[in-house]
There are 2 protein chains.
Amino acid sequence: MQAIFKTRKCCIFIQLFQHFPGTHTGNQTNMKRQITIKDIATKLGLSTSTVSRALKDHPDISPKTRTAVKELAGLLGYRPNRIALNLRNNSTRTIGLIIPEIEHYFFSAIINGIEEIAYKNDYSVMVFQSNESYKREVINTQAVLTNRVDGVLVSFSKETNDFSHFQKLIDNEIPVVFFDRTTEELPADQVVADDYQGAFIAVNHLIEKGCKKIAHFAAPQNLQIGKSRLSGYHDALLKHNIPFRHDLVHLADTYETAKKTAHDILRKPDAPDGFFAVNDMSAIAIIKAAKELGKRVPEDVKVVGFENSKSSAISDPELTTIDQFGFDLGREACIMLLKRLKEGDDVEFKPIKKVIKTKLVVRSST
Amino acid sequence: MQAIFKTRKCCIFIQLFQHFPGTHTGNQTNMKRQITIKDIATKLGLSTSTVSRALKDHPDISPKTRTAVKELAGLLGYRPNRIALNLRNNSTRTIGLIIPEIEHYFFSAIINGIEEIAYKNDYSVMVFQSNESYKREVINTQAVLTNRVDGVLVSFSKETNDFSHFQKLIDNEIPVVFFDRTTEELPADQVVADDYQGAFIAVNHLIEKGCKKIAHFAAPQNLQIGKSRLSGYHDALLKHNIPFRHDLVHLADTYETAKKTAHDILRKPDAPDGFFAVNDMSAIAIIKAAKELGKRVPEDVKVVGFENSKSSAISDPELTTIDQFGFDLGREACIMLLKRLKEGDDVEFKPIKKVIKTKLVVRSST
DNA sequence: TTTTTTATTTCAATCGTTTGCAATCATAAA
DNA sequence: TTTATGATTGCAAACGATTGAAATAAAAAA
């Protein structure tokens, strides 16, 4: 009851408060303008330069003025104006992130990794989504330019085949690091998962579990990850002397297309007994389709995904998948970018490609 | 096979390329500094003011100089320096977003909505995650201040009970709009889903489907959403003359806690036949637990979630849930913030609370 | 007492852009 | 020819902080 009363009281306060909002913000009108170094200077009868130096413990400043300045600064709640500093230093301590879609678990995991590193190094992150649209991505690169970010992290859209908009960033001396979806056509750093290895161990696992006929649901082949995972699939088959068959490879990297394709395939008499999907969503769609057609997973059909998303752990049966370590990938990409920002233009540029090892996570779908 | 060969070729190209990266970036050193209005001015023998005015079609400028300036500007690829403008206008055209965790589908949907509106209005979004930590959230509000964003959108962490850090933003005359997780303790705008209504129709649905004993997996009660959904649950029961029982309400708003709690409850002889979970993840955990205990969903146990996440559509059986319309919620919050930014300080401030209606999405878990 | 040294502090320019006001020039009116 | 008019353009200050160089004051040396 006590608690309730407290709340009530609080409510009344709010009510009153909301009727007279002016009274509260009224005395804030003199706060309207952020207080500057100049304010401190005039109040203390000093010049702005002295105040500036006092605040950063410059040895030229006498202890008396130093303490006086710092005291007043603290009292007034002075915060240096970042914008002014940005202008002077020609740097915003901001990094731009161009990404297809936040709502994929993999990308949000990457963002977490990026943010951790950025945060530790006092950088902020500006996020721009391309929504898998090339056109939007081009606009994003412009936005990144006008916002004068110090560097950019990019995973490009599925539609992107031309990279001149990124070249423009490089021309403007803005360091760019590509991650996950990368290209060799630009002189820029890259951080990628070991897609080839991941695909290889995934398919290898399926074969060892007894699969004789393994289908691959692939990503578009303009993406490097699409190519690499396909070739990992290809080579794992070869290792076990299973012939590679074109008709077992299907372009299906979304839940919807994968579900439809899986339905079509599994209905046929000599349907595959194993599936390696380019991502978890496709894999889950395959499981769903199989169950709908009365096939048991993993007894009749085994499925391996790629991502190790949250969904892979909640699907039924739980999905065997390849962990891409999105968080680490994001961390590494950000670390690489910050390194470039630190070294500046003095060093001769030599693109680095960092590969993050992947790992098989065995669950009940195989 | 053709495809594979293509890949090989590409690999060779890469190898060559990485050996001679210098040749590509070599001629970019003369582009180092961004070109400014001053460059155009000196090249044309004009003053910076004239160039500035010419670029924005000021009527005072003669057609000749105007075209000359614009031509040269286009040729040199001039882009106004946003930082300088920021300083002059005391505005960054940036909004700060403080959010618990991007990786929840609901929040990423909200971000999409926010970004759409921001993008249309030529604003950029800076993202700060609190990771459900109060301490980190306080730091985020400081970061938002030093970055001099024009306004802030906030959904606070589960740990947050003290709101003085947000009051500080308001004191600094930075408009703040709270969404989803909000408070009445601050004079600020709010955008929330109709949590009460959502909970009510969810539980009502369970009762109509024949459930006699319905448990609620709730969110922490310091969050308004926790309270509202509980009271929706409460009132729906009352409407059907079902007594509200304290022992049927459990704090379980994550997959892990929900799974454990559901296991405990469902093992008992007089287990509930219906569950209303505060979010989809908890709901899916309940389904999982039920299946593991040999109970059939929806025959023995019916489950309703809250969110309408991607996962709710892929769970098996597919989850009946409440659509929160995260995208629209994000849109509305951003629209509200931009409106505040436009009106400035001249209008007397009166906090607005916008409620987004929710919707029952019936699937196979009920 | 004058000069030199040292300790503090201030001046002024800079970053890139905008904008009120003054200045210049040519043309038209007186 | 002189003055008023209008069309262009330039000057300089402003936004807030930093920094090399100059200036001032105070203390020390001559």
Side-chain angles (χ1 to χ4, degrees), chain A residues 31-70 72-73 76-94 122 145-150 172-173, chain B residues 31-70 72-73 76-94 122 145-150 172-173:
Chain A
M31 272 183 136
K32 200 167 295 184
R33 207 174 43 82
Q34 286 278 336
I35 91 121
T36 73
I37 231 171
K38 210 179 194 169
D39 299 323
I40 301 177
T42 46
K43 257 179 213 183
L44 253 44
L46 292 170
S47 71
T48 57
S49 16
T50 306
V51 175
S52 168
R53 280 190 255 253
L55 287 171
K56 22 184 51 192
D57 291 321
H58 194 287
D60 275 4
I61 304 302
S62 73
K64 274 168 284 175
T65 48
R66 192 206 326 277
T67 49
V69 166
K70 284 195 173 178
L72 186 60
L76 299 178
Y78 166 76
R79 321 186 110 253
N81 185 323
R82 179 76 147 253
I83 307 178
L85 289 174
N86 287 348
L87 181 59
R88 178 149 234 282
N89 305 331
N90 199 33
S91 143
T92 53
R93 282 201 95 74
T94 296
D122 195 28
L145 270 177
T146 67
N147 278 290
R148 289 295 206 279
V149 299
D150 291 351
N172 277 281
E173 303 250 318
Chain B
M31 274 181 137
K32 204 166 297 190
R33 206 175 45 83
Q34 287 275 337
I35 91 122
T36 73
I37 233 172
K38 210 178 193 172
D39 298 323
I40 301 177
T42 46
K43 260 184 207 178
L44 252 45
L46 292 169
S47 71
T48 57
S49 20
T50 306
V51 174
S52 169
R53 281 188 257 253
L55 287 171
K56 25 183 49 189
D57 292 320
H58 194 287
D60 277 2
I61 303 301
S62 73
K64 272 168 286 174
T65 49
R66 191 205 328 276
T67 50
V69 165
K70 284 196 172 177
L72 186 59
L76 298 179
Y78 167 77
R79 321 185 109 254
N81 186 324
R82 179 75 148 255
I83 307 178
L85 289 175
N86 288 347
L87 180 60
R88 180 150 232 285
N89 304 332
N90 199 32
S91 142
T92 52
R93 282 200 95 74
T94 295
D122 195 27
L145 270 176
T146 68
N147 277 289
R148 288 297 208 276
V149 298
D150 292 351
N172 277 281
E173 304 249 319

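In the text below, chain A, chain B and the rest are named by the order of the sequence lines, each starting its count at 1.
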Do B/Arg79 and A/Leu145 have side chains that approach each other closer than 4.5 Å (heavy atoms only, starting at C-beta)? yes
A/Lys43 versus A/Leu72, closest heavy-atom pair with distance: CB-CD2, 3.9 Å
Can you give one letter per nucleotide of nucleotides 15-20 of chain D, 5' to 3': B if a protein heavy atom sits under 4.0 Å from the base, S if only from the sugar-phosphate, - if neither? BBBBBB
Without decimals, in angstroms, what is the distance between A/Asp39 CG and D/dA14 C1'? 15 Å
Validation: residues 53-60 of chain B side-chain donor-acceptor distances under 3.5 Å, sequence neighbours left out:
unit_1, atom_1, unit_2, atom_2, d
B/Asp57, OD1, B/Lys70, NZ, 2.7
B/Asp57, OD2, B/Lys70, NZ, 3.2
B/His58, ND1, B/Asp60, N, 3.1

Atom NZ of A/Lys64 and atom P of D/dA26 are separated, to the nearest Å, by 10 Å
At less than 4.0 Å, is any side-chain N or O atom of A/Ser62 found next to OP1 or OP2 of C/dT9? Yes or no. yes
Candidates A/Thr50, A/Ile37, A/Val51 - the one meeting side chain to side chain contact (heavy atoms under 4.5 Å, CB included) with A/Val69: A/Val51
Could you walk me through whether A/Asn81 and A/Gln34 pass side chain to side chain contact (heavy atoms under 4.5 Å, CB included), step by step? CA-CA 8 Å; A/Asn81 185 323; A/Gln34 286 278 336; 5.9 Å; no
Could you go through the side chain to side chain contact (heavy atoms under 4.5 Å, CB included) check for A/Thr92 and A/Asn147 one step at a time? CA-CA 9 Å; A/Thr92 53; A/Asn147 278 290; over 6 Å; no
Return the value, rounded to whole Å, for the distance between atom CG of A/Leu46 and atom P of D/dT24. 17 Å
Determine to 10° how strongly the helix from C/dT1-D/dA30 to C/dA30-D/dT1 is bent, judged from the axes of its five-pair ends. 90°
How far does CG of B/Leu46 sit from CD1 of B/Ile40, to the nearest 0.5 angstrom? 10.0 Å
Looking at B/Asn86 and B/Ser91, what are the two nearest heavy atoms and their distance? OD1-O, 2.9 Å
Rounding to a whole Å, what distance do you find between A/Asp60:CG and D/dA25:C1'? 14 Å
